[in-house]
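What's counted below: heavy atoms across the whole structure, side chains too, no hydrogens, waters or symmetry copies. Quick caveat: nothing in here was measured; it's all calculated off a predicted structure.
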Amino acid sequence: MTDPRYDPKFQHTDWVDNVDRISAGGANGFNVRFDTITSDLRQLSTVVLQVDAALDLAAGGAVGPQVLTVPLDFPPTPQRDGWTYDANGAGHPQAGAAGGTAVMGLTLPDHIRLTSFRAIGQFGGGTTRLILTLGRAQLTVAAPVPDKLAEIRSDTQTLPASYDVTAAVDSRFGLVDLSLFRYFLLANATQVSSPQLTSLSAVQLGFSAA
């Protein structure tokens, strides 16, 4: 099993009295700095879960099915339609035909076997299409098309207004191998008329010891 890592991205540059104009927006504003801090905290919580899973495996406590709750950490996507968070931490796509696409990397314990992909949130219905994909991609530079481990789609199954859906992970790709692959969650929504009615509030991955 690879060692858990935590690499904070936030590096504070001191503001200078009577020189810097403090504002909410911009590369030197409050928003970008606090967004980075928030992302660091979510990454830290993911690492804590990774350590916990590693300890379970080491102690032989992960013989049966286990569940890993994934903190949502869709990064800002400047100059493109993405997802934003509400006051409760749920992600919502942008409004419009293009909607929003967002992707986040997953920090997983090495050599576990993923078995299920669970997503919880709200769905606005109508013409809105929502696709949530759990995937992996090779670490090589010229990587082929990523493998699809599991997917939840509103165009192939009926999603209620408040959905809680679990999809089985393709057994061919279930074994986590961090020496060969990186893992990610992709959220895509199109034809979004009411962003507040479509959301992703929680993701859980079922796994077992390999």
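The closest side-chain heavy-atom distance from Leu132 to Phe117 is below 4.5 Å. Leu205 has its side chain out of reach of Val67: every pair of non-hydrogen atoms, C-beta onward, lies at least 4.5 Å apart. Taking the side chain as every heavy atom from C-beta outward, Leu106 and Val70 approach each other to under 4.5 Å. A heavy-atom distance below 4.5 Å is found between the side chains of Phe173 and Arg136. The closest side-chain heavy-atom distance from Leu68 to Leu108 is below 4.5 Å.
Among all heavy-atom pairs drawn from Leu130 and Phe123, the shortest one is CB-CE1, 3.9 Å.
Residues Leu114 and Leu178 share a hydrophobic cluster, clusters being chains of Ile/Leu/Val/Met/Phe/Trp/Tyr side chains in contact below 4.5 Å. Neither Leu175 nor Leu149 shares a network with the other; the hydrophobic side chains, linked directly or stepwise wherever heavy atoms of I, L, V, M, F, W or Y lie under 4.5 Å apart, form separate groups for each. Under the 4.5 Å side-chain contact rule for hydrophobic residues, Val192 and Ile152 do not share a cluster. Placement of Leu200 and Tyr85 within a single hydrophobic cluster is found when ILVMFWY residues are connected by side-chain heavy-atom separations under 4.5 Å, directly or transitively.
In this structure, the side chain to side chain donor-acceptor pair (under 3.5 Å) partners of Asp155, at least two apart in sequence or on a different chain, are Arg153. Listed by chain and number, the residues in a side chain to side chain donor-acceptor pair (under 3.5 Å) with Arg129 amount to none (sequence neighbours excluded). Remark: Thr115 pairs with no residue by the side chain to side chain donor-acceptor pair (under 3.5 Å) rule, at least two apart or across chains.
For residues 181-198, the side chain to side chain donor-acceptor pair (under 3.5 Å) pairs, not counting sequence neighbours, are Thr101-Asn188. Among residue pairs with one or both ends in residues 89-106, none qualify as salt bridge (charged side-chain N to carboxylate O under 4.0 Å, His left out); sequence neighbours excluded.
The aromatic rings of Phe74 and Trp83 sit tilted relative to each other, their planes meeting at an angle between 30° and 60°.
With hydrogens and angles ignored, the 3.5 Å screen pairs a side-chain donor or acceptor of Ser201 with a backbone N or O of Ile120. Under the 3.5 Å distance criterion, the side-chain polar atoms of His92 are left unmatched by any main-chain donor or acceptor of Thr84.
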Under 3.5 Å, which donor-acceptor pairs do the side chains of residues 159-170 form with other protein atoms, sequence neighbours left out?
| unit_1 | atom_1 | unit_2 | atom_2 | d |
| --- | --- | --- | --- | --- |
| Tyr163 | OH | Ser199 | O | 2.7 |
| Asp164 | OD1 | Arg118 | NE | 2.8 |
| Asp164 | OD1 | Arg118 | NH2 | 3.4 |
| Asp164 | OD2 | Arg118 | NH2 | 2.6 |
| Asp170 | OD1 | Arg172 | N | 3.0 |
| Asp170 | OD1 | Arg172 | NE | 3.1 |
| Asp170 | OD2 | Arg172 | NE | 3.2 |
| Asp170 | OD2 | Arg172 | NH2 | 2.7 |

(request) Determine, step by step, whether Gln122 and Leu197 satisfy the side chain to side chain contact (heavy atoms under 4.5 Å, CB included) criterion, reporting the C-alpha distance in whole Å, the side-chain angles of both residues, the deciding distance to 0.1 Å, and the verdict. (result) CA-CA 6 Å; Gln122 293 183 309; Leu197 298 182; 5.8 Å; no
